[in-house]
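To find a chain, count down the sequence lines: A is the first, B the second, and so on, and within it residues start at 1. What's counted below: heavy atoms across the whole structure, side chains too, no hydrogens, waters or symmetry copies. In this text the structure is predicted, and so the values were computed from the model without any measurement.
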Protein chains: 4
Amino acid sequence: MSPLNKKQLDQIKDERRAQIKEAGLQLFARHGFGGTKTSMIAAEAGVSEGLIYRYFKSKDELFISIVQELMEEGKRETEEVPRLPGSPYEQIKSLTENMLSENKYAFMLILQAARKPEEIPEEAAKIFESYSAEVMIEPLVPVFIKGQESGEFIAGDPHQLLNWYMYVINSLILDEVGEKEYGAPSVELLMRMLKS
Amino acid sequence: MSPLNKKQLDQIKDERRAQIKEAGLQLFARHGFGGTKTSMIAAEAGVSEGLIYRYFKSKDELFISIVQELMEEGKRETEEVPRLPGSPYEQIKSLTENMLSENKYAFMLILQAARKPEEIPEEAAKIFESYSAEVMIEPLVPVFIKGQESGEFIAGDPHQLLNWYMYVINSLILDEVGEKEYGAPSVELLMRMLKS
Amino acid sequence: MSPLNKKQLDQIKDERRAQIKEAGLQLFARHGFGGTKTSMIAAEAGVSEGLIYRYFKSKDELFISIVQELMEEGKRETEEVPRLPGSPYEQIKSLTENMLSENKYAFMLILQAARKPEEIPEEAAKIFESYSAEVMIEPLVPVFIKGQESGEFIAGDPHQLLNWYMYVINSLILDEVGEKEYGAPSVELLMRMLKS
Amino acid sequence: MSPLNKKQLDQIKDERRAQIKEAGLQLFARHGFGGTKTSMIAAEAGVSEGLIYRYFKSKDELFISIVQELMEEGKRETEEVPRLPGSPYEQIKSLTENMLSENKYAFMLILQAARKPEEIPEEAAKIFESYSAEVMIEPLVPVFIKGQESGEFIAGDPHQLLNWYMYVINSLILDEVGEKEYGAPSVELLMRMLKS
DNA sequence: AATGAATGAGAGTTCATTCAT
DNA sequence: CATGAATGAACTCTCATTCAT
């Protein structure tokens, strides 16, 4: 039989790349960059250790590649908020719910990069900076102001309030929502911080 | 010259032990367990690398010893809250402020143990569990109930609300209050979560 | 369409084998055994990495096979010298020129095997020994003696003088005649070593 | 007993550094950069593999450090030639003898760097270039001219003749003067290339 | 017959721990 | 008691070789 054709090979390659990135995402998110050994990634992805290096030049590059992708995704999500249905309060509540549940790993990893830039590859730290808080918070400012005008949100500098709110959310995500007795706080409780 | 007597030797020993633990506390808090090299601890404590092993059997044991001590201190502080001056709201606000500023390193380390038990020595994780949330939250429940009765706090299961509140505080402490534009949220904003 | 017949298949096989050997020769000559990766050989030969192993059991065997072939070729050339036109001086000059230019790669590789037997497969080193200096020098002895008799060459033990002369030639070939300012020494200068 | 004092420790360090460099010199000279494994160096120096890294940041740095030292030594030796006793012919003969015997390893290594700059650390190649041929040949030009004037050496561009002569010497050194039947050519035979 | 994705042994390097002094 | 040179297990990464297609 003839060898696999180009399309099939490309598909395999894409799958493997995705597998390895997914494994990396989960492990980096949970154990940090230094705490994640390449052997762990290989095991989680179900491939040999050597194979990682056919798809990524180094552990650093794998990390960078993951961060890059996530930052872009995160940016897209935040920009989407003003177009969500409902009042400003409901829009931000939606984003909060999304961050706390669906995209947990992604946010965890992004925020780890933010917290200890000295422990991750330099280039990853740079990428993170370039998508800095501004980029992820700025799109929400108009939404928040609209909420203040309609009386849904408390008064105060919207940048500052949003920053603080995000700060709390981020911290919570990093806690990886343990299996504690009461679990993570309800979104409603958190929103009380902003509600007038 | 005659050799040091037993009392003097014991004093030197206690000092060295304390020096090393203090260095360990700060470094583990900042860089995590895996991110802290024994050479860093020796340098920070101003002793030789080898000396660490006269006072602690291993890096693991040093970490465990530090966690142990901090947990007891934390417990003492929480138990003190009902005896603080002011209303329940003010008492809990006091504790919050204390956790977010004065005892930062201690809390950072404790919480790091809490968050990533896989990354720390198994025994340290066990100690943490044994001082579990209950121990640190239970003493606050009566205070909170008193606050609900006087109308200062929102209604709801006090265990659950306190748990969630602590959860947020803990998360924030772990963020090591970066140099962000707006810094960490004001205690007042956080207290809005509980205030009726 | 019908499959290829046996003759056609054999031809393809011979071509492939030759392709791979030629690529190996150039790369081993330039980069040494250890410095040549199988991936480089595959790329240079324009075949897949796996295919090499259909034609040669291992990288070692490929190397051995190349050395083997070259040694035989070299032997044939040396044996040809007495039948070249011109005086003994001119005959040896001819051989010298040939070695320094036309068959450079071949000689380079042979001599690399000679110089660092530890770095090449053991069997290749053995083959080299078996074709040892004697085999390549002995045919030249009568030529040299004839030159001494006619007064063209200096006096002395012909074996020893030839050996030394070859030794210098071999060393020069191994230098791969760099792009130095003055390039490699002229054949005339070298021949001064032997000329009376 | 008190710990070793500073002087003693410095001596141990100097000894170890020298041990490791000496082992590196011999092995790099014989097997090339890539062909020399750190485990070989450790074994030859009689230390553990890890210890190498207390004295040199990397295998690259060890190599660079060795090349650096040798280049300076080589330069000093060449500059000394005009001050040697005897006629120009005897001075250059002296240098030749020295290169072919006493300082063999040093020259071997230097020349390996010269021959395959792409296979050694980039910085080592740069160092080599900076001490380029000029530096090692230029001091000999006046000596050679003096020899031409007195009729000891053949006529011709002194730069070119010296270059070629050195080229042959270098090539010979790289051959590591095997245990061949007749050994390396006598210095006298080589000098015939230059003698009028 | 041919491909190139996948493997795993072995290389260079780091760092907790030991030990001679 | 105190030192820091020395060790070796474990990590990241490379590359000859295998194997499903």
*To the nearest Å, give me how far apart CG (D10(D)) and P (dT3(F)) are.*
17 Å
*5' precedence on DNA chain F between S39(A) and T36(C) (nearest-nucleotide basis)*: S39(A)
*Using a heavy-atom cut-off of under 4.0 Å over every strand shown, decide if K13(A) touches base, sugar-phosphate, or nothing.*
sugar-phosphate
*OP1 or OP2 of dA6(F) sitting under 4.0 Å from any side-chain N/O of R16(D)?*
yes
*Report the distance from atom CG of L51(B) to atom CZ of R17(B), rounding to the nearest 0.5 Å.*
12.0 Å
_Pair Q11(D), E15(D) - check side-chain hydrogen bond (donor to acceptor under 3.5 Å, both in side chains), show working._
CA-CA 6 Å; Q11(D) 200 193 328; E15(D) 271 171 30; 3.3 Å; yes
*Ignoring backbone atoms, test whether K37(A) places a side-chain nitrogen or oxygen under 4.0 Å from the OP1 or OP2 oxygen of dC11(F).*
no
_Spacing between M40(C) atom CE and dG4(E) atom C1', to the nearest angstrom_ = 19 Å
*May I have the distance from H31(C) (atom NE2) to dC15(F) (atom P), rounded to whole angstrom?*
13 Å
*Extract the stems that DNA chain F is part of, considering only consecutive pairing runs of at least three Watson-Crick or G-U wobble pairs, both distances under 3.5 Å.*
E:2-21 with F:2-21
*Is a side-chain N or O of K59(A) found less than 3.5 angstrom from the main chain of T36(A), in a donor-acceptor match?*
yes
*Specify the separation, in whole Å, of atom CD1 of I20(C) and atom P of dT17(F).*
14 Å
*asked:* Expressed as a whole number of angstroms, how long is the span from Q11(A):CD to dT21(F):C1'?
replied: 14 Å
*Distance below 4.0 Å between T38(B) side-chain N/O and dA16(E) OP1 or OP2*: yes
*Nucleotide dT3(E), atom P - distance to CD1 of I12(A) in whole Å*: 16 Å
*Hey, can you tell me if F28(A) and F63(A) have their rings parallel, tilted or perpendicular (30° and 60° cut-offs)?*
perpendicular
*Decide yes or no on side chain to side chain contact (heavy atoms under 4.5 Å, CB included) for I41(A) and L62(A), but give the supporting numbers first.*
CA-CA 11 Å; I41(A) 299 173; L62(A) 168 59; 3.9 Å; yes
*Under 6.0 Å from the CD atom of E72(D), do we count more than 12 heavy atoms belonging to anything else shown?*
yes
*Looking only at atom types and distance, does a side-chain atom of K13(C) sit under 3.5 Å from a main-chain N or O of Y55(C), one as donor and one as acceptor?*
no
*asked:* Short of 4.0 Å, heavy atom to strand atom, which residues of residues 48-63 of chain C count as contacting DNA chain F?
replied: E49(C), G50(C), Y53(C), S58(C), K59(C)
_Does E49(D) form a side-chain hydrogen bond (donor to acceptor under 3.5 Å, both in side chains) with T38(D)? I'd like the steps, not just the answer._
CA-CA 7 Å; E49(D) 228 173 313; T38(D) 50; 3.0 Å; yes
*Please confirm whether the backbone N or O of R54(B) pairs with a side-chain atom of K57(B), one donor and one acceptor, at under 3.5 Å?*
no
